[in-house]
Amino acid sequence: MNADALRKLVNQCVRCGQCRSACPVFQEISVESGVARGKLALLRSFLEGKEVPEEELQGMLSKCLLCKTCGSQCPSGVAADELILAGRELMAEKKGLSPVKKAVFTLLKNRKVFDLCLSMASLGQDFGIKRLPGKRLGAISRFPMPGLARRRVIPPFADKSLRKQYPEVIKVNQPKARVAFFTGCMANYIYTGSGKAAIDVLLANNIEVVLPKKQHCCGYPVFTSGDAEDGRLLARHNIDVFSELAVDAVITICGSCGSAWRHEYQRLLADDAAYLKKLEAISRKTYDIAEYLTEVMPINQKDLGEVNAHITIHDPCHLGARGMGVTKQVRQLLSAIPGVKISEMKEPGRCCGSGGSFNLGYYDISRGINDHKVADIANTGADMVVTGCGSCRMHLIDGLVQNKQEHNVMHTIELLAQSYAAKQAGSKIKKNIS
């Protein structure tokens, strides 16, 4: 988006201040620069040629979760998060990225090198981290690490990445459907159990799974940092890979990945007619797994076994009402599981404070935002938190540990996979008895 077009859109903000009552960042720091109105006012001044320090503007624009709360509350219909993102892109062109992000994104662009580095990271990680006891997937750094608060809980890397655990095509007899699984980075390198659970559930429903080996990061961390050009590079790569597949659907298990396919790639590639046409064919059949298993290929409740769990549900920003719109589908799946009790939070869709790299650059602010979420979780009386986003899962675990709460956090599909496994185990026992 050029500066003139951006200026016209920014001018649509009438400065009513409605976003102040909704913005998690503003609620935490009570500074005008923390809310959409303040950011857009400074961006407007910059675009009008007034003296605005570029470093100040770039820093202010980065202090945003891109949770879309402001846009959902705006009476004028201004999508402030998209304008803030456009502002980040403008400043990245003028000032460049930070040295750390530039180095990380340079590595990320090379799929093979990126995969090698993350695969090797698991080998010696226990020298540098101390794993948490129990079932929660988290660890604390033994030594100071650049960009990480010393006390924060981080997830360890998986011993083996998800895509290396399976063949490219996972076959079933007489499949009802054939889907491609876009794993994303979190499920591939960290929370591989959620990826395995997704595959297990799809196979249990007699759905053949294609796991493209050449798929790469969706690019969300890249283009939300303002690096639109490298974001387009990653988008085109994934579009090329998935365009070659003869599948009925593309399945995601991360709201940010799903939003990239359904929304963000269209914005990034708005001037590329050839790729937009290829993207359209993919995006219209891209589904979050909860959406797919309720609306496209509904599960049979008779296939589910009992799982005794008292849960509460966190709706990620990019998966829930402000993103892909997948909320009731999650509850439909979970409420179908025998033995599961659901106690809702007062604000299940309130941002957890992760915001991609926001929680790295502004850990204390993100920790404060997350503390409100943890308090809401504690008030439900539930024993477990279920969510559909790996980044949210990571930040929620950190918050629960910091607040001395015992809850575990797992992906929606993992609980459903446990139910299928319980049913299959019960069937085997009955068969042996008979």
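Quick note: numbers below take in every heavy atom, side chains included, and nothing from hydrogens, waters or symmetry partners.
When all heavy atoms are compared, the tightest approach of Cys218 to Phe223 is O-CE2, 3.9 Å. Considering all non-hydrogen atoms of both residues, Leu234 and Cys217 come closest at CB-O, 4.0 Å. The two residues Val241 and Lys214 make their nearest non-hydrogen contact at CG2-O, 3.8 Å. Contact detail for Ser283 and Gln266: the closest heavy-atom pair is OG-NE2, 3.5 Å.
You'll find the side chain of Leu360 reaches within 4.5 Å of the side chain of Leu148, heavy atoms only. With a 4.5 Å cut-off on side-chain heavy atoms, Val179 and Val247 do not count as touching. Residues Cys67 and Asp81 have side chains not in contact (no heavy-atom distance under 4.5 Å, counting atoms from C-beta outward). In this structure, Ile311 and Leu334 have side chains that are in contact, with non-hydrogen atoms separated by less than 4.5 Å. Looking at heavy atoms from C-beta onward, Ile289 lies out of side-chain contact with Leu416 at the 4.5 angstrom threshold. Residues Glu264 and Leu269 form no side-chain contact, since every pair of their non-hydrogen atoms from C-beta on lies 4.5 Å or further apart. The side-chain heavy atoms of Gln215 and Asn238, taken from C-beta on, include a pair separated by under 4.5 Å. In this structure the side chain of Glu229 never reaches within 4.5 angstrom of the side chain of Glu89, judged on heavy atoms.
Note on Arg350 versus Asp376: no salt bridge recorded, every NZ/NE/NH1/NH2 to OD/OE distance being 4.0 Å or above. Between Asp383 and Lys341 no salt bridge is recorded (no basic side-chain N to carboxylate O distance below 4.0 Å). A salt bridge links Asp200 with Lys196: the closest approach of a Lys/Arg side-chain nitrogen to an acidic carboxylate oxygen falls below 4.0 angstrom. Comment: Glu82 does not engage Arg267 in a salt bridge, judged by the lack of any side-chain N to carboxylate O separation of less than 4.0 angstrom. Look at Lys423 and Asp303 and you find no salt bridge, because none of the NZ, NE, NH1 or NH2 atoms lies under 4.0 Å from a carboxylate O.
At least one donor-acceptor pair under 3.5 Å links the side chain of Glu168 to the backbone N or O of Lys213. Although no hydrogens or angles enter the test, the distance criterion places no donor-acceptor pair under 3.5 Å between the side chain of Thr192 and the main chain of Asn188. At least one donor-acceptor pair under 3.5 Å links the side chain of Asn300 to the backbone N or O of Lys302. Side-chain N or O atoms of His216 include one that pairs as donor or acceptor with a backbone N or O of Leu108 at under 3.5 Å. Side chain of Asp288 to main chain of Ile251: no donor-acceptor pair is present (N/O by atom type, distance under 3.5 Å, no hydrogens or angles). Using a distance-only test at 3.5 Å, with no hydrogens or angles considered, no donor-acceptor pair links the side chain of Gln329 to the main chain of Ala290. With Asn370 contributing its side chain and Ser366 its backbone, the two residues share no donor-acceptor pair below 3.5 Å. In this structure, Arg37 contributes its side chain and Arg15 its backbone to a donor-acceptor pair below 3.5 Å. For Lys373 (side chain) and Pro348 (main-chain N/O), a donor-acceptor pair under 3.5 Å exists by modelled atom type. Of the possible donor and acceptor atoms, none in the side chain of Arg131 sits under 3.5 Å from a partner among the backbone N and O of Pro156.
Environment of CZ in Arg7: crowded, with over 12 heavy atoms of neighbouring residues, nucleotides or ligands closer than 6.0 Å. Atom NZ of Lys285 has more than 12 heavy atoms from other residues, nucleotides or ligands within 6.0 Å. In Phe127, the CZ atom is not crowded: 12 or fewer heavy atoms of neighbouring residues, nucleotides or ligands sit closer than 6.0 Å.
In this structure, NZ in Lys101 is found 13.5 Å from OG1 in Thr106, a value given to the nearest 0.5 Å. In this structure, Ser256 OG and His263 NE2 are separated by 11.0 Å, a value rounded to the nearest 0.5 Å. Rounding to the nearest 0.5 Å places CD of Gln418 at 8.5 Å from CD1 of Ile337. For the atom pair OG of Ser357 and CG of Asn359, the computed distance is 7.5 Å after rounding to the nearest 0.5 Å. Between Leu279 atom CG and Arg236 atom CZ the span is 11.5 Å, to the nearest 0.5 Å. The NZ atom of Lys39 lies 8.5 Å from the SG atom of Cys70; values are rounded to the nearest 0.5 Å.
Sorted by first and then second residue, the pairs that involve residues 310-334 and meet ring-ring contact (aromatic ring centres under 6.0 Å, His included), not counting sequence neighbours, are Tyr220-His318. Applying the salt bridge (charged side-chain N to carboxylate O under 4.0 Å, His left out) test to pairs two or more places apart or on separate chains, those with a residue in residues 396-417 are Arg367-Asp398, Arg393-Glu414.
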N/O donor-acceptor pairs under 3.5 Å from side chains in residues 55-65, not counting sequence neighbours:
| unit_1 | atom_1 | unit_2 | atom_2 | d |
| --- | --- | --- | --- | --- |
| Glu55 | OE2 | Lys95 | NZ | 2.8 |
| Gln58 | NE2 | Gly96 | O | 3.2 |
| Ser62 | OG | Gly59 | O | 2.6 |
| Ser62 | OG | Tyr362 | OH | 2.7 |

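A ring pair (Phe, Tyr, Trp, His ring centres under 6.0 Å) with Phe242 is found for exactly one of Phe181, Phe182, Tyr265, namely Phe182. Of the listed residues (Leu304, Asn308, Val307), just one forms a side-chain contact (heavy atoms from CB on, under 4.5 Å) with Pro338, and that residue is Leu304.
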query: Which is it for Ile413 and Leu293 under the side-chain contact (heavy atoms from CB on, under 4.5 Å) test, yes or no, and what are the steps along the way?
result: CA-CA 10 Å; Ile413 199 64; Leu293 294 174; 3.9 Å; yes

Test log, rule side-chain contact (heavy atoms from CB on, under 4.5 Å), inputs Phe358 and Leu66: CA-CA 9 Å; Phe358 178 91; Leu66 297 178; over 6 Å; no

task: Output, in order, the C-alpha distance, side-chain angles, deciding distance and verdict of salt bridge (charged side-chain N to carboxylate O under 4.0 Å, His left out) for Glu344 and Arg331.
output: CA-CA 10 Å; Glu344 292 281 8; Arg331 285 154 178 83; 2.6 Å; yes

- prompt: After noting the C-alpha distance and the side-chain angles of Arg152 and Tyr363, does the key distance pass the side-chain contact (heavy atoms from CB on, under 4.5 Å) rule?
  reply: CA-CA 9 Å; Arg152 83 166 297 158; Tyr363 179 68; 3.4 Å; yes

- request: Check the pair Arg151, Ile140 against side-chain contact (heavy atoms from CB on, under 4.5 Å), reporting the backbone distance first and the verdict last.
  value: CA-CA 7 Å; Arg151 65 190 173 100; Ile140 299 173; over 6 Å; no

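By the 30° and 60° cut-offs, the orientation of the rings of Tyr292 relative to Tyr287 is tilted.
Side-chain contact, Arg88 with Ser225: no donor N or O sits under 3.5 Å from an acceptor N or O. Side-chain atoms of Lys346 and Thr380 form no donor-acceptor pair, as typed in the model, at a separation below 3.5 Å.
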